[in-house]
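Here's the structure we're looking at; comments come further down.
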Amino acid sequence: MFLDFLAMLRTYYLSRERQPVFRSVILAGVYDIKNLKLKIRPDEQHQYNSPWNIAADFDVDMSFSPKQIAGMLEEYETDCQTGMNVSEAAEEIYQYTSGYPYLVSAVCRFLDEKVPGIM
């Protein structure tokens, strides 16, 4: 069933010019993506294969814009009432991370947990 899901994602990606499709998918689990087929095949057929077709270009920009970062910070501000200047903080975070999702999350987490009074 999981391989069918991966095939569906690939089909949607390849037809993205003709029909709108989601921008990203997050797969979470206990196995590395390269080992997925190892878990599905019988023991005598184990081999390393990627479920992704690496011959196709993947040119989707998955980075956050300052506006998207500001949206996340506004939700945080609503919950925590820190008094931060959301647009200024979003611009600063964007300057340091170029919107890279992992780095945006890491900077926000660091500021929240390690630097009291900043966020």
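This one's a predicted model, so the numbers in the text were calculated from it and none came from an experiment.
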For Y12, enumerate each residue passing the side chain to side chain contact (heavy atoms under 4.5 Å, CB included) test, keeping only those at least two apart in sequence or located in another chain.
-> M8, Q19, V21, F22
Determine, for Y13 and R10, whether the Lys NZ or Arg CZ falls below 6.0 Å from the six-membered ring centre while staying within 45 degrees of the axis.
-> no
dist L103:CG -> S63:OG (nearest 0.5 Å) comes out at 11.0 Å
Identify whether M84 and F110 are in the same connected component of the hydrophobic contact network (ILVMFWY, side-chain heavy atoms under 4.5 Å).
-> yes
Do the side chains of V107 and Y100 join up, straight or via other hydrophobic residues, at under 4.5 Å, putting them in one cluster?
-> no
Show me the donor-acceptor pairs, under 3.5 Å and distance only, between side chains in residues 85-99 and residues at least two apart or in other chains.
residue, atom, partner, partner atom, Å
N85, OD1, S87, N, 3.4
N85, OD1, S87, OG, 3.1
N85, OD1, E88, N, 3.1
T97, OG1, I93, O, 2.8
T97, OG1, G99, N, 3.1

With S65, which residues qualify under side chain to side chain contact (heavy atoms under 4.5 Å, CB included), at least two apart?
-> K67, Q68
To the nearest 0.5 Å, atom OG1 of T82 lies from atom CG of L73 at 9.0 Å
